[in-house]
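What you see below is based on every heavy atom in this structure, not just the backbone, and it leaves out hydrogens, waters and symmetry mates. Along the sequence shown, the residues carry numbers beginning at 1. Because the structure is predicted, anything quoted here is derived from the model rather than measured.
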Amino acid sequence: MNFRPLHDRVLVRRIEADEKTAGGIIIPDSAKEKPSEGEIVAVGTGARAENGTITPMDVKAGDKVLFGKWSGTEVKVNGEDLLIMKESDILGVIA
């Protein structure tokens, strides 16, 4: 990847939701919601405090995370649709 987010931002690839319900009903594209789960592709160096120290990031590339439904800014990097968001927009890391 030739893109590195700055400061406390992360680059996230959405993980597509299942196309079927647990009962086997197929969900059409028009009824699907955007997934709020993703995989971190790249991370910045961390947030800079007022005194100049850098707070390291709690997440790293490869982590699977949950984020808010309307979080981040959609961008296209190397022909792939990705999201850039602040680390604070991430709700949690999936173990």
Side-chain angles (χ1 to χ4, degrees):
M1 177 70 51
N2 58 0
F3 181 84
R4 181 180 57 88
L6 297 177
H7 308 296
D8 63 338
R9 289 184 170 74
V10 295
L11 189 64
V12 178
R13 176 183 301 119
R14 285 187 195 267
I15 296 175
E16 293 302 321
D18 291 335
E19 295 184 6
K20 287 187 189 178
T21 64
I25 298 172
I26 297 174
I27 302 169
D29 288 338
S30 59
K32 288 183 187 175
E33 292 187 14
K34 288 185 177 180
S36 58
E37 186 177 330
E39 178 183 358
I40 296 184
V41 177
V43 297
T45 56
R48 186 176 300 272
E50 289 183 21
N51 65 3
T53 61
I54 294 178
T55 305
M57 302 285 273
D58 287 333
V59 295
K60 62 187 179 309
D63 284 350
K64 293 196 184 324
V65 295
L66 291 176
F67 50 87
K69 189 174 188 177
W70 304 107
S71 298
T73 302
E74 294 183 358
V75 295
K76 190 168 271 212
V77 178
N78 295 338
E80 185 177 9
D81 290 328
L82 302 171
L83 291 169
I84 294 178
M85 64 181 71
K86 287 188 168 252
E87 184 184 32
S88 60
D89 291 340
I90 295 173
L91 303 174
V93 178
I94 300 171

Scan the side chains in residues 45-54 for donor-acceptor partners under 3.5 Å anywhere in the protein, sequence neighbours excluded, and list what turns up.
residue: R48; atom: NH1; partner: G52; partner atom: O; Å: 3.3
residue: N51; atom: OD1; partner: T53; partner atom: N; Å: 3.1
residue: N51; atom: OD1; partner: T53; partner atom: OG1; Å: 2.9

Report summary line: Interatomic distance, CD1@I94 vs CG@L66, rounded to 0.5 Å, equals 4.0 Å

**Report entry** Pairs meeting criterion side-chain hydrogen bond (donor to acceptor under 3.5 Å, both in side chains) with involvement of residues 58-67, two or more places apart
**Finding:** K60-D63

Query - Pair listing, salt bridge (Lys or Arg N to Asp or Glu O under 4.0 Å) test, anchored in residues 83-95, at least two apart - result: D8-K86

Report task. Report yes if the side chains of L82 and V12 come closer than 4.5 Å at any heavy-atom pair, otherwise no. Result -> no

Query - Over all atoms of both residues, closest heavy-atom pair of F3 and A42 - result: O-CB, 3.9 Å

Requested in this report: Evaluate the criterion side chain to side chain contact (heavy atoms under 4.5 Å, CB included) for residue pair V59 and V43; output intermediate values, then yes/no.
Outcome: CA-CA 8 Å; V59 295; V43 297; 4.2 Å; yes

Query raised in the report: Is I40 close to V65 at the side-chain level, that is, under 4.5 Å between some pair of heavy atoms?
Result: yes

Report task. Working to the nearest 0.5 Å, report the span between CE of M85 and OG of S71. Result -> 5.5 Å

Query raised in the report: Do you know the tightest heavy-atom contact between L91 and G68?
Result: CD1-N, 3.9 Å

**Report entry** CG on L83 to CZ on R9, rounded to 0.5 Å
**Finding:** 13.5 Å

Query raised in the report: Under a 4.5 Å cut-off applied to non-hydrogen side-chain atoms, are R14 and E74 in contact?
Result: yes

